[in-house]
Number of protein chains: 2
Amino acid sequence: MKVLEELTGTGQALSHTELEATFSKVDRITLYRVLKDFEEAGIVHKIIGPDGVTRFAVCRHNCPDETHTEDHVHFNCTNCHKVFCLEHTHNPDLRLPTGFKVSGIQILVQGICKHCS
Amino acid sequence: MKVLEELTGTGQALSHTELEATFSKVDRITLYRVLKDFEEAGIVHKIIGPDGVTRFAVCRHNCPDETHTEDHVHFNCTNCHKVFCLEHTHNPDLRLPTGFKVSGIQILVQGICKHCS
DNA sequence: CTTTAAATGCAACCTTGTTGCATTTAAAGT
DNA sequence: ACTTTAAATGCAACAAGGTTGCATTTAAAG
């Protein structure tokens, strides 16, 4: 699929609207279905930004297919507004109050990215 | 405002839909405006859940008015589906790759809450 | 070349959220 | 107490994001 190529190529998480613009010939519903299938297959994962916009990024080497756990940090640049995975910045251990059981952590860091600074 | 009482009382983050159900006499647009005003005034803060649903929670003692920074972790119970602030679980220090400047961190932990376990 | 299933497109619909305008409510001035 | 003014509420309409059902095309298998 060309959608997968696009996602792999850019290195950033793309929103549905952005993908829609790239593949203007393709119907937006088809795009929804393709992305949904990719997500269920563990090929891409969804990132919900601080703006509430959902974006999609390809799962890299350290994303286990079974659990589909994303053990890495997401970054949102306040300058270029891009969202991407920091694959090598793993989630830290959090000590929660007693009685809480953790099954997943989602971290979204905002700031200025490498390219913009 | 009764909306503020409700938010303070429940101790959890409430979605717009939930508040709409509670205050069925009030128009939903009024609710949108009230919540927007509260947010801008630094009285409540918005939490965007892993489901993409935005919820609202009152800012407690350790939420400085000026920066409106939420230096605490949010928890989403996979059993009762509630979302609430873990006021005393602060954001950890993250070491990002060189060139990245951090201005804010949002952490959402999923698991089983104290009450459900 | 036919049969069958998968992939695509279209129409319609729902939810969430915003904006403009009219109306009500309430506060302030004389 | 009555008028003037501003704030708060409600209504209609709209836009973006997302889902579902059904018809049609594409392509794979017999």
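No experiment lies behind these values; they were computed from the predicted model shown. In what follows, every chain begins at residue 1, and chains take the letters A, B, ... in the order their sequences are listed.
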From the set [options], return the single nucleotide nearest to any side-chain atom of [X].
| X | options | result |
| --- | --- | --- |
| B:T30 | D:dT19, D:dT9, C:dT16 | D:dT9 |
| B:R28 | C:dG9, C:dT18, D:dC11 | C:dT18 |
| B:D27 | D:dG17, C:dT16, D:dC11 | D:dC11 |

Can you tell me the Watson-Crick or wobble partner of C:dG20, both distances under 3.5 angstrom?
-> D:dC11

Does D:dT4 have a Watson-Crick or wobble partner in any strand here, with both distances under 3.5 angstrom, and which is it?
-> C:dA27

Can you label the angle between the A:F100 ring and the B:F75 ring as parallel, tilted or perpendicular, going by 30° and 60°?
-> perpendicular

Using whole Å, what does the distance between atom [atom2] of nucleotide [N] and atom [atom1] of [X] come to?
| X | N | atom1 | atom2 | result |
| --- | --- | --- | --- | --- |
| A:D51 | C:dT16 | CG | P | 18 Å |
| B:L35 | C:dT16 | CG | P | 14 Å |
| A:E20 | C:dG9 | CD | P | 12 Å |
| A:L31 | C:dG9 | CG | P | 10 Å |
| B:Y32 | C:dG20 | OH | C1' | 17 Å |
| A:K46 | D:dT19 | NZ | C1' | 12 Å |

Sugar-phosphate only, base, or nothing, as touched by B:V53 at under 4.0 Å among non-hydrogen atoms = nothing

B:H88 vs B:H90, side-chain hydrogen bond (donor to acceptor under 3.5 Å, both in side chains): CA-CA, chis, key distance, verdict | CA-CA 6 Å; B:H88 299 290; B:H90 296 280; 5.4 Å; no

Indicate whether OP1 or OP2 belonging to D:dA16 is found under 4.0 Å from a side-chain N or O atom of A:T17.
-> no

Is any side-chain nitrogen or oxygen of A:S15 closer than 4.0 Å to OP1 or OP2 of D:dG17?
->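 So the side-chain polar atoms of A:S15 never come under 4.0 Å of the phosphate oxygens OP1 or OP2 of D:dG17.
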
Do any N or O atoms from the side chain of A:N79 and from the backbone of A:C116 form a donor-acceptor pair under 3.5 angstrom?
-> no

Answer whether the closest heavy-atom distance between the side chains of B:H115 and B:C80 falls below 4.5 Å.
->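 Heavy-atom side-chain distance check fails, nothing below 4.5 Å.
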
Hey, is the side chain of B:R33 pairing donor to acceptor with the base of D:dG10 inside 3.5 Å?
->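 Indeed there is one.
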
